[in-house]
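Quick notes on the structure that follows.
On a predicted model such as this, the values are computed, not experimentally measured, just so you know.
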Amino acid sequence: MKTFARLIRRYVLATAAVVLVAAALCLGAVAYIGLHYGNVEQDRTGIETLAGALAQTAGGLQLDPARTPEEWLQGYAWAMVLDDNGEVLWQYDLPAELNKCYTASEIASFSRWYLEDWPVLCWTEEYGLLVAAAPKGTLWKYNICSSQAMMADLAAGILPALAVLLAAVLGCCLLFGWRGARQLQAIAAGLEAVAAGRTVCLPTDGFAGELADAVNRTSEQLRRRNEIIARRDDARTAWVAGVSHDVRTPLAMILGWAEQLEHDTALPDTARRRAAGIRAQSEKLRTLIEDLNLTSKLQYGAQPLRCRPVQAGPLLRSIAAEFCDSPLADHCTVTPELTPDADKAEINVDAALLTRALENLLNNAARHNPGPVQVAITATRRGRMLEIAVADDGAGYPPAVLNALQTGANTPHILGLYVVEQIARAHGGTAQFVQNDPHGARATVTVPLCGQ
(Lines give C-alpha, C1' and ligand atoms only; values in the text may rest on other atoms or scores of the structure.)
Protein backbone atom coordinates (compact mmCIF):
# COMPACT_ATOMS: atom_id res chain seq x y z
CA MET A 1 0.00 0.00 0.00
CA LYS A 2 2.93 2.35 0.53
CA THR A 3 3.83 1.99 -3.14
CA PHE A 4 0.22 2.75 -4.11
CA ALA A 5 0.10 5.81 -1.85
CA ARG A 6 3.40 7.13 -3.23
CA LEU A 7 2.25 6.62 -6.80
CA ILE A 8 -1.06 8.39 -6.23
CA ARG A 9 0.67 11.23 -4.42
CA ARG A 10 3.09 11.68 -7.29
CA TYR A 11 0.25 11.70 -9.82
CA VAL A 12 -1.69 14.30 -7.82
CA LEU A 13 1.35 16.49 -7.29
CA ALA A 14 2.32 16.18 -10.94
CA THR A 15 -1.21 17.16 -12.00
CA ALA A 16 -1.23 20.15 -9.68
CA ALA A 17 2.17 21.18 -10.99
CA VAL A 18 0.98 20.89 -14.61
CA VAL A 19 -2.13 22.98 -13.84
CA LEU A 20 -0.08 25.63 -12.08
CA VAL A 21 2.47 25.73 -14.88
CA ALA A 22 -0.30 26.00 -17.49
CA ALA A 23 -1.96 28.82 -15.54
CA ALA A 24 1.36 30.61 -15.16
CA LEU A 25 2.04 30.25 -18.89
CA CYS A 26 -1.41 31.62 -19.74
CA LEU A 27 -0.96 34.59 -17.42
CA GLY A 28 2.49 35.17 -18.84
CA ALA A 29 1.15 35.03 -22.39
CA VAL A 30 -1.63 37.50 -21.56
CA ALA A 31 0.86 39.83 -19.87
CA TYR A 32 3.24 39.59 -22.82
CA ILE A 33 0.49 40.25 -25.36
CA GLY A 34 -0.82 43.14 -23.30
CA LEU A 35 2.58 44.74 -22.88
CA HIS A 36 3.79 44.10 -26.42
CA TYR A 37 0.72 44.95 -28.45
CA GLY A 38 -0.57 47.52 -25.97
CA ASN A 39 2.44 49.64 -26.79
CA VAL A 40 1.56 49.38 -30.48
CA GLU A 41 -1.95 50.64 -29.79
CA GLN A 42 -0.58 53.47 -27.68
CA ASP A 43 1.37 54.70 -30.68
CA ARG A 44 -1.96 55.42 -32.43
CA THR A 45 -4.13 58.39 -31.49
CA GLY A 46 -7.46 57.27 -30.13
CA ILE A 47 -10.40 57.72 -32.50
CA GLU A 48 -12.31 59.68 -29.84
CA THR A 49 -9.34 62.02 -29.31
CA LEU A 50 -8.93 62.46 -33.04
CA ALA A 51 -12.63 63.27 -33.41
CA GLY A 52 -12.37 65.85 -30.64
CA ALA A 53 -9.39 67.49 -32.34
CA LEU A 54 -11.55 68.33 -35.38
CA ALA A 55 -13.49 71.59 -35.10
CA GLN A 56 -15.80 73.52 -37.43
CA THR A 57 -14.24 76.82 -38.59
CA ALA A 58 -15.14 79.44 -41.16
CA GLY A 59 -12.94 77.64 -43.65
CA GLY A 60 -14.46 74.23 -42.84
CA LEU A 61 -13.29 71.41 -40.57
CA GLN A 62 -9.79 71.90 -39.21
CA LEU A 63 -7.56 69.92 -36.83
CA ASP A 64 -6.46 71.56 -33.61
CA PRO A 65 -3.37 73.64 -34.47
CA ALA A 66 -1.71 72.60 -31.23
CA ARG A 67 -0.29 69.65 -33.21
CA THR A 68 0.43 69.08 -36.85
CA PRO A 69 -1.96 66.92 -38.93
CA GLU A 70 0.79 64.29 -39.20
CA GLU A 71 1.06 64.10 -35.41
CA TRP A 72 -2.74 63.87 -34.98
CA LEU A 73 -3.00 61.16 -37.61
CA GLN A 74 0.05 59.16 -36.46
CA GLY A 75 -0.76 55.48 -36.82
CA TYR A 76 -3.50 56.04 -39.42
CA ALA A 77 -3.21 55.71 -43.19
CA TRP A 78 -5.98 58.20 -43.99
CA ALA A 79 -9.09 59.82 -42.48
CA MET A 80 -12.32 61.41 -43.70
CA VAL A 81 -15.56 62.96 -42.37
CA LEU A 82 -18.95 62.14 -43.93
CA ASP A 83 -22.11 64.20 -43.59
CA ASP A 84 -25.61 62.81 -43.19
CA ASN A 85 -25.90 62.33 -46.96
CA GLY A 86 -22.65 60.34 -47.23
CA GLU A 87 -20.69 63.16 -48.85
CA VAL A 88 -17.04 63.69 -47.91
CA LEU A 89 -16.76 66.93 -45.86
CA TRP A 90 -13.10 66.57 -44.90
CA GLN A 91 -10.32 64.14 -45.71
CA TYR A 92 -6.65 63.50 -45.10
CA ASP A 93 -4.63 61.37 -47.57
CA LEU A 94 -7.85 59.72 -48.69
CA PRO A 95 -7.24 57.41 -51.70
CA ALA A 96 -8.89 58.68 -54.87
CA GLU A 97 -11.04 55.58 -55.33
CA LEU A 98 -12.54 56.14 -51.88
CA ASN A 99 -13.33 59.82 -52.37
CA LYS A 100 -17.00 59.40 -53.27
CA CYS A 101 -20.50 59.56 -51.87
CA TYR A 102 -21.40 56.60 -49.61
CA THR A 103 -24.83 55.12 -49.18
CA ALA A 104 -26.33 54.20 -45.83
CA SER A 105 -25.77 50.48 -46.49
CA GLU A 106 -22.11 51.06 -47.34
CA ILE A 107 -21.60 53.05 -44.18
CA ALA A 108 -23.30 50.36 -42.12
CA SER A 109 -21.08 47.71 -43.73
CA PHE A 110 -17.67 49.32 -43.26
CA SER A 111 -18.49 50.49 -39.75
CA ARG A 112 -18.80 46.82 -38.78
CA TRP A 113 -16.26 45.27 -41.08
CA TYR A 114 -13.72 46.70 -43.55
CA LEU A 115 -13.76 49.38 -46.24
CA GLU A 116 -12.06 47.98 -49.33
CA ASP A 117 -9.78 45.87 -47.09
CA TRP A 118 -8.98 48.91 -44.96
CA PRO A 119 -9.65 48.34 -41.25
CA VAL A 120 -11.52 51.55 -40.31
CA LEU A 121 -12.61 53.05 -37.01
CA CYS A 122 -15.69 55.27 -36.84
CA TRP A 123 -16.80 57.99 -34.43
CA THR A 124 -19.92 60.16 -34.56
CA GLU A 125 -19.77 63.90 -33.78
CA GLU A 126 -22.08 66.84 -34.45
CA TYR A 127 -20.20 67.74 -37.61
CA GLY A 128 -20.62 64.20 -39.03
CA LEU A 129 -19.10 60.73 -39.05
CA LEU A 130 -15.28 60.50 -38.61
CA VAL A 131 -13.76 57.52 -40.40
CA ALA A 132 -10.04 56.79 -39.79
CA ALA A 133 -8.27 53.85 -41.45
CA ALA A 134 -5.35 51.94 -40.01
CA PRO A 135 -2.81 50.51 -42.45
CA LYS A 136 -3.89 47.29 -44.13
CA GLY A 137 -2.96 44.15 -42.22
CA THR A 138 -2.52 45.90 -38.85
CA LEU A 139 -5.97 45.39 -37.29
CA TRP A 140 -8.25 42.36 -36.94
CA LYS A 141 -11.80 43.70 -36.99
CA TYR A 142 -14.89 41.54 -36.57
CA ASN A 143 -18.00 42.11 -34.52
CA ILE A 144 -19.35 39.20 -32.51
CA CYS A 145 -22.94 39.19 -31.33
CA SER A 146 -24.36 36.77 -28.80
CA SER A 147 -27.39 36.24 -26.58
CA GLN A 148 -27.29 38.23 -23.37
CA ALA A 149 -28.66 35.26 -21.45
CA MET A 150 -25.94 33.02 -22.87
CA MET A 151 -23.18 35.46 -21.91
CA ALA A 152 -24.61 35.77 -18.41
CA ASP A 153 -24.79 32.01 -18.04
CA LEU A 154 -21.27 31.69 -19.41
CA ALA A 155 -19.92 34.23 -16.91
CA ALA A 156 -21.77 32.52 -14.06
CA GLY A 157 -20.65 29.01 -15.04
CA ILE A 158 -17.01 29.57 -15.92
CA LEU A 159 -15.72 28.91 -12.38
CA PRO A 160 -17.84 25.74 -11.86
CA ALA A 161 -16.74 24.54 -15.29
CA LEU A 162 -13.09 25.03 -14.37
CA ALA A 163 -13.68 23.18 -11.10
CA VAL A 164 -15.35 20.28 -12.93
CA LEU A 165 -12.51 20.19 -15.46
CA LEU A 166 -9.89 20.12 -12.70
CA ALA A 167 -11.83 17.39 -10.87
CA ALA A 168 -12.00 15.38 -14.10
CA VAL A 169 -8.24 15.72 -14.58
CA LEU A 170 -7.58 14.66 -11.01
CA GLY A 171 -10.03 11.77 -11.35
CA CYS A 172 -8.28 10.54 -14.48
CA CYS A 173 -4.92 10.76 -12.74
CA LEU A 174 -6.26 8.84 -9.74
CA LEU A 175 -7.78 6.18 -12.00
CA PHE A 176 -4.65 5.74 -14.07
CA GLY A 177 -2.51 5.80 -10.94
CA TRP A 178 -4.68 3.19 -9.24
CA ARG A 179 -4.53 0.89 -12.27
CA GLY A 180 -0.78 1.42 -12.61
CA ALA A 181 -0.24 0.84 -8.90
CA ARG A 182 -2.11 -2.47 -9.06
CA GLN A 183 0.13 -3.69 -11.85
CA LEU A 184 3.26 -2.45 -10.12
CA GLN A 185 2.18 -4.09 -6.86
CA ALA A 186 1.73 -7.37 -8.71
CA ILE A 187 5.21 -7.02 -10.18
CA ALA A 188 6.65 -6.14 -6.75
CA ALA A 189 5.01 -9.23 -5.27
CA GLY A 190 6.43 -11.28 -8.12
CA LEU A 191 9.93 -9.94 -7.50
CA GLU A 192 9.64 -10.79 -3.80
CA ALA A 193 8.54 -14.31 -4.73
CA VAL A 194 11.48 -14.68 -7.12
CA ALA A 195 13.85 -13.41 -4.41
CA ALA A 196 12.39 -16.05 -2.07
CA GLY A 197 13.09 -18.77 -4.64
CA ARG A 198 9.52 -19.32 -5.81
CA THR A 199 8.32 -19.45 -9.42
CA VAL A 200 5.85 -16.80 -10.61
CA CYS A 201 3.67 -16.26 -13.68
CA LEU A 202 2.47 -12.64 -13.85
CA PRO A 203 -0.13 -11.32 -16.33
CA THR A 204 1.56 -9.51 -19.19
CA ASP A 205 -1.24 -7.10 -20.16
CA GLY A 206 -1.26 -3.39 -19.37
CA PHE A 207 1.46 -0.76 -19.54
CA ALA A 208 3.78 -2.85 -17.33
CA GLY A 209 3.40 -5.97 -19.50
CA GLU A 210 7.00 -5.94 -20.74
CA LEU A 211 8.30 -5.67 -17.18
CA ALA A 212 6.02 -8.52 -16.05
CA ASP A 213 7.21 -10.65 -18.97
CA ALA A 214 10.83 -9.98 -18.00
CA VAL A 215 10.06 -11.07 -14.41
CA ASN A 216 8.39 -14.24 -15.71
CA ARG A 217 11.36 -15.10 -17.91
CA THR A 218 13.79 -14.41 -15.06
CA SER A 219 11.75 -16.64 -12.75
CA GLU A 220 11.75 -19.48 -15.28
CA GLN A 221 15.50 -19.18 -15.87
CA LEU A 222 16.16 -19.24 -12.12
CA ARG A 223 13.90 -22.28 -11.74
CA ARG A 224 15.80 -24.18 -14.41
CA ARG A 225 19.14 -23.15 -12.97
CA ASN A 226 18.08 -24.17 -9.46
CA GLU A 227 16.97 -27.55 -10.78
CA ILE A 228 20.36 -28.05 -12.44
CA ILE A 229 22.19 -26.99 -9.28
CA ALA A 230 20.00 -29.20 -7.11
CA ARG A 231 20.63 -32.24 -9.33
CA ARG A 232 24.36 -31.52 -9.32
CA ASP A 233 24.43 -31.09 -5.53
CA ASP A 234 22.42 -34.27 -5.01
CA ALA A 235 24.80 -36.17 -7.26
CA ARG A 236 27.80 -34.74 -5.42
CA THR A 237 26.37 -35.54 -2.00
CA ALA A 238 25.47 -39.07 -3.07
CA TRP A 239 28.94 -39.56 -4.54
CA VAL A 240 30.70 -38.35 -1.38
CA ALA A 241 28.47 -40.50 0.83
CA GLY A 242 29.02 -43.52 -1.42
CA VAL A 243 32.79 -43.09 -1.47
CA SER A 244 32.91 -42.63 2.30
CA HIS A 245 30.85 -45.78 2.84
CA ASP A 246 32.70 -47.93 0.28
CA VAL A 247 36.19 -46.87 1.43
CA ARG A 248 35.53 -47.18 5.17
CA THR A 249 35.61 -51.01 5.36
CA PRO A 250 38.80 -51.67 3.30
CA LEU A 251 40.52 -48.75 5.00
CA ALA A 252 39.74 -50.20 8.43
CA MET A 253 41.25 -53.54 7.34
CA ILE A 254 44.38 -51.77 6.06
CA LEU A 255 44.74 -49.92 9.36
CA GLY A 256 44.26 -53.10 11.38
CA TRP A 257 46.77 -55.13 9.36
CA ALA A 258 49.29 -52.26 9.33
CA GLU A 259 49.04 -51.93 13.13
CA GLN A 260 49.52 -55.72 13.56
CA LEU A 261 52.57 -55.68 11.32
CA GLU A 262 53.92 -52.59 13.12
CA HIS A 263 53.82 -54.42 16.49
CA ASP A 264 54.95 -57.82 15.18
CA THR A 265 58.37 -58.35 16.78
CA ALA A 266 59.12 -61.21 14.41
CA LEU A 267 59.45 -58.78 11.53
CA PRO A 268 62.58 -56.80 10.75
CA ASP A 269 62.70 -53.17 11.89
CA THR A 270 62.54 -52.00 8.29
CA ALA A 271 59.28 -53.85 7.66
CA ARG A 272 57.81 -52.59 10.93
CA ARG A 273 58.72 -49.00 10.04
CA ARG A 274 57.07 -49.43 6.66
CA ALA A 275 53.96 -50.81 8.36
CA ALA A 276 53.96 -47.77 10.65
CA GLY A 277 54.13 -45.53 7.57
CA ILE A 278 51.21 -47.38 5.99
CA ARG A 279 49.21 -46.93 9.18
CA ALA A 280 50.03 -43.19 9.38
CA GLN A 281 49.10 -42.58 5.74
CA SER A 282 45.91 -44.61 6.15
CA GLU A 283 44.96 -42.49 9.14
CA LYS A 284 45.52 -39.38 7.01
CA LEU A 285 43.30 -40.89 4.34
CA ARG A 286 40.60 -41.66 6.92
CA THR A 287 40.78 -38.08 8.23
CA LEU A 288 40.60 -36.72 4.69
CA ILE A 289 37.50 -38.82 3.94
CA GLU A 290 35.86 -37.71 7.18
CA ASP A 291 36.63 -34.05 6.38
CA LEU A 292 35.24 -34.48 2.87
CA ASN A 293 32.02 -35.98 4.22
CA LEU A 294 31.70 -33.29 6.91
CA THR A 295 32.34 -30.37 4.56
CA SER A 296 29.71 -31.73 2.18
CA LYS A 297 27.17 -31.92 5.01
CA LEU A 298 28.02 -28.44 6.29
CA GLN A 299 27.83 -26.94 2.82
CA TYR A 300 24.30 -28.23 2.19
CA GLY A 301 22.98 -27.91 5.74
CA ALA A 302 22.80 -31.68 6.25
CA GLN A 303 24.90 -31.55 9.43
CA PRO A 304 22.64 -30.61 12.38
CA LEU A 305 24.02 -28.18 14.96
CA ARG A 306 23.50 -29.33 18.53
CA CYS A 307 24.48 -26.15 20.28
CA ARG A 308 24.61 -26.26 24.09
CA PRO A 309 26.13 -23.94 26.69
CA VAL A 310 29.69 -25.19 27.34
CA GLN A 311 32.36 -23.73 29.63
CA ALA A 312 35.30 -22.81 27.44
CA GLY A 313 38.18 -23.66 29.82
CA PRO A 314 37.43 -27.35 30.48
CA LEU A 315 36.56 -27.98 26.84
CA LEU A 316 39.80 -26.51 25.50
CA ARG A 317 41.94 -28.28 28.10
CA SER A 318 40.30 -31.64 27.33
CA ILE A 319 40.98 -31.13 23.61
CA ALA A 320 44.61 -30.38 24.34
CA ALA A 321 44.91 -33.40 26.63
CA GLU A 322 43.42 -35.80 24.08
CA PHE A 323 45.78 -34.51 21.43
CA CYS A 324 48.78 -34.95 23.73
CA ASP A 325 47.80 -38.62 24.19
CA SER A 326 47.75 -39.22 20.41
CA PRO A 327 50.78 -40.41 18.40
CA LEU A 328 50.89 -37.08 16.52
CA ALA A 329 51.97 -35.31 19.71
CA ASP A 330 55.29 -37.15 19.92
CA HIS A 331 57.20 -34.11 18.66
CA CYS A 332 54.72 -31.42 19.76
CA THR A 333 54.22 -29.51 22.97
CA VAL A 334 50.70 -28.12 23.46
CA THR A 335 50.15 -25.33 25.99
CA PRO A 336 46.69 -23.94 26.81
CA GLU A 337 46.84 -20.20 27.63
CA LEU A 338 43.43 -18.90 28.72
CA THR A 339 42.65 -15.57 30.35
CA PRO A 340 40.58 -15.86 33.54
CA ASP A 341 37.43 -14.40 31.99
CA ALA A 342 37.82 -16.66 28.93
CA ASP A 343 38.39 -19.72 31.13
CA LYS A 344 35.05 -19.24 32.87
CA ALA A 345 33.17 -18.03 29.78
CA GLU A 346 30.28 -20.10 28.50
CA ILE A 347 30.05 -20.54 24.75
CA ASN A 348 26.98 -21.67 22.80
CA VAL A 349 28.46 -24.29 20.46
CA ASP A 350 28.20 -27.82 19.18
CA ALA A 351 31.02 -29.27 21.28
CA ALA A 352 31.71 -32.14 18.88
CA LEU A 353 32.06 -29.86 15.85
CA LEU A 354 34.22 -27.32 17.70
CA THR A 355 36.41 -30.18 18.93
CA ARG A 356 36.75 -31.40 15.35
CA ALA A 357 37.79 -27.91 14.17
CA LEU A 358 40.47 -27.53 16.87
CA GLU A 359 41.72 -31.10 16.31
CA ASN A 360 42.16 -30.28 12.62
CA LEU A 361 44.27 -27.24 13.54
CA LEU A 362 46.40 -29.25 16.00
CA ASN A 363 46.84 -32.12 13.53
CA ASN A 364 47.80 -29.61 10.84
CA ALA A 365 50.50 -28.14 13.10
CA ALA A 366 51.88 -31.61 13.91
CA ARG A 367 51.85 -33.08 10.42
CA HIS A 368 53.34 -30.15 8.51
CA ASN A 369 56.25 -29.45 10.89
CA PRO A 370 58.75 -32.34 10.97
CA GLY A 371 60.84 -31.03 13.86
CA PRO A 372 59.81 -30.29 17.47
CA VAL A 373 57.11 -27.63 17.48
CA GLN A 374 55.51 -25.57 20.23
CA VAL A 375 51.73 -25.14 19.90
CA ALA A 376 49.77 -22.64 22.02
CA ILE A 377 45.99 -22.62 22.45
CA THR A 378 44.82 -19.20 23.62
CA ALA A 379 41.33 -17.88 24.34
CA THR A 380 40.26 -14.26 24.82
CA ARG A 381 36.88 -12.60 25.16
CA ARG A 382 36.19 -10.04 22.41
CA GLY A 383 32.88 -8.35 23.13
CA ARG A 384 30.13 -10.88 22.41
CA MET A 385 32.53 -13.46 20.96
CA LEU A 386 35.21 -15.80 22.30
CA GLU A 387 38.38 -15.76 20.23
CA ILE A 388 40.25 -19.09 20.17
CA ALA A 389 43.69 -19.12 18.54
CA VAL A 390 45.95 -22.06 17.71
CA ALA A 391 49.50 -20.86 16.96
CA ASP A 392 52.74 -22.77 16.37
CA ASP A 393 56.37 -21.85 15.80
CA GLY A 394 56.85 -24.09 12.79
CA ALA A 395 57.32 -23.36 9.12
CA GLY A 396 54.01 -21.50 8.69
CA TYR A 397 51.49 -21.69 5.87
CA PRO A 398 52.84 -22.05 2.32
CA PRO A 399 51.93 -19.05 0.12
CA ALA A 400 49.75 -21.25 -2.10
CA VAL A 401 47.73 -22.39 0.93
CA LEU A 402 47.22 -18.82 2.16
CA ASN A 403 46.15 -17.75 -1.32
CA ALA A 404 43.64 -20.62 -1.51
CA LEU A 405 42.24 -19.70 1.92
CA GLN A 406 41.89 -16.04 0.98
CA THR A 407 40.26 -16.74 -2.40
CA GLY A 408 37.91 -19.40 -1.03
CA ALA A 409 39.27 -22.21 -3.21
CA ASN A 410 38.53 -25.67 -1.82
CA THR A 411 41.41 -28.06 -2.59
CA PRO A 412 42.37 -31.34 -0.92
CA HIS A 413 45.48 -29.66 0.52
CA ILE A 414 43.39 -27.31 2.66
CA LEU A 415 40.30 -29.45 3.19
CA GLY A 416 40.91 -29.65 6.94
CA LEU A 417 41.27 -25.86 7.21
CA TYR A 418 38.20 -25.40 5.04
CA VAL A 419 36.25 -27.56 7.48
CA VAL A 420 37.44 -25.28 10.30
CA GLU A 421 36.13 -22.27 8.42
CA GLN A 422 32.78 -23.96 7.74
CA ILE A 423 32.33 -24.95 11.39
CA ALA A 424 33.07 -21.40 12.55
CA ARG A 425 30.66 -19.95 10.00
CA ALA A 426 27.94 -22.44 11.00
CA HIS A 427 28.20 -21.11 14.59
CA GLY A 428 27.92 -17.51 13.42
CA GLY A 429 31.63 -16.85 13.86
CA THR A 430 34.70 -16.50 11.67
CA ALA A 431 37.99 -18.25 10.96
CA GLN A 432 41.19 -16.44 10.03
CA PHE A 433 44.52 -17.94 8.94
CA VAL A 434 47.74 -15.86 9.04
CA GLN A 435 51.45 -16.33 9.51
CA ASN A 436 52.56 -16.29 13.15
CA ASP A 437 55.08 -13.75 14.40
CA PRO A 438 58.06 -14.27 14.13
CA HIS A 439 57.44 -17.61 12.37
CA GLY A 440 54.87 -20.34 12.24
CA ALA A 441 51.16 -20.47 11.54
CA ARG A 442 48.26 -18.94 13.46
CA ALA A 443 44.57 -19.81 13.06
CA THR A 444 41.90 -17.80 14.92
CA VAL A 445 38.34 -19.05 15.40
CA THR A 446 35.58 -16.92 16.95
CA VAL A 447 32.41 -18.40 18.43
CA PRO A 448 29.47 -16.68 20.19
CA LEU A 449 29.18 -16.48 23.95
CA CYS A 450 26.00 -17.64 25.67
CA GLY A 451 23.23 -15.06 25.82
CA GLN A 452 24.62 -13.08 22.86
To the nearest 0.5 angstrom, please state how far the [atom1] atom of [X] sits from the [atom2] atom of [Y].
X	Y	atom1	atom2	result
H368	D392	NE2	CG	10.5 Å
L222	T218	CG	OG1	6.5 Å
T68	L63	OG1	CG	9.0 Å
I319	T355	CD1	OG1	3.5 Å
R217	Q221	CZ	CD	7.0 Å
W90	L94	CH2	CG	10.0 Å

Thinking salt bridges, do R356 and E359 make one under a 4.0 Å N-O criterion?
-> no
Between W123 and E125, is any side-chain donor less than 3.5 angstrom from a side-chain acceptor?
-> yes
Should [X] and [Y] count as side-chain neighbours, where that means a heavy-atom distance under 4.5 Å?
X	Y	result
V373	D393	yes
W118	L98	yes
V200	V194	yes
L54	Y127	yes
V81	V131	no
M385	T380	no
Q311	P314	yes
V445	T430	no

Mind listing the closest non-hydrogen atom pair of [X] and [Y] along with its distance?
X	Y	value
L361	A443	CD2-CB, 3.6 Å
K136	P119	CA-CD, 4.1 Å
R381	A345	CD-CB, 4.2 Å
F433	L417	CZ-O, 3.6 Å
V375	L362	CG1-CD2, 3.6 Å
S219	T199	OG-CA, 3.3 Å

Give a yes or no answer on whether the side chain of [X] reaches the backbone of [Y] with a donor-acceptor pair at less than 3.5 Å.
X	Y	value
D83	G128	no
S109	S105	no
W72	D64	yes

Residues forming a salt bridge (charged side-chain N to carboxylate O under 4.0 Å, His left out) with R198, sequence neighbours excluded | none
Taking atom [atom1] as the centre, does [X] end up with more than 12 heavy-atom neighbours from other residues, nucleotides or ligands that are less than 6.0 angstrom away?
X	atom1	value
R67	CZ	yes
Q148	CD	no
L25	CG	yes

Scan for side chain to side chain donor-acceptor pair (under 3.5 Å) pairs involving residues 334-346, sequence neighbours excluded, and state none if there are none.
-> R317-D343, T339-D341
Sole residue of R225, R224, R223 in side-chain hydrogen bond (donor to acceptor under 3.5 Å, both in side chains) with E227 =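 When R225, R224, R223 are each tested with E227, the side-chain hydrogen bond (donor to acceptor under 3.5 Å, both in side chains) holds only for R223.
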Identified side-chain contact (heavy atoms from CB on, under 4.5 Å) partner of T446 from the options H427, R384, E387 = E387
For the side-chain contact (heavy atoms from CB on, under 4.5 Å) test, which of N364, N403, V434 pairs with Y397?
->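 Among N364, N403, V434, the one that satisfies the side-chain contact (heavy atoms from CB on, under 4.5 Å) with Y397 is N364.
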For the pair W78 and V120, evaluate side-chain contact (heavy atoms from CB on, under 4.5 Å) and give the outcome as yes or no after the intermediate values.
-> CA-CA 9 Å; W78 52 264; V120 294; 4.0 Å; yes
Please lay out, stage by stage, how L358 and L316 fare under the test side-chain contact (heavy atoms from CB on, under 4.5 Å).
-> CA-CA 9 Å; L358 296 180; L316 296 179; 3.4 Å; yes
Derivation of the side-chain contact (heavy atoms from CB on, under 4.5 Å) call for N85 and C101 | CA-CA 8 Å; N85 297 321; C101 179; 5.7 Å; no
After noting the C-alpha distance and the side-chain angles of N348 and L449, does the key distance pass the side-chain contact (heavy atoms from CB on, under 4.5 Å) rule?
-> CA-CA 6 Å; N348 186 32; L449 296 169; over 6 Å; no
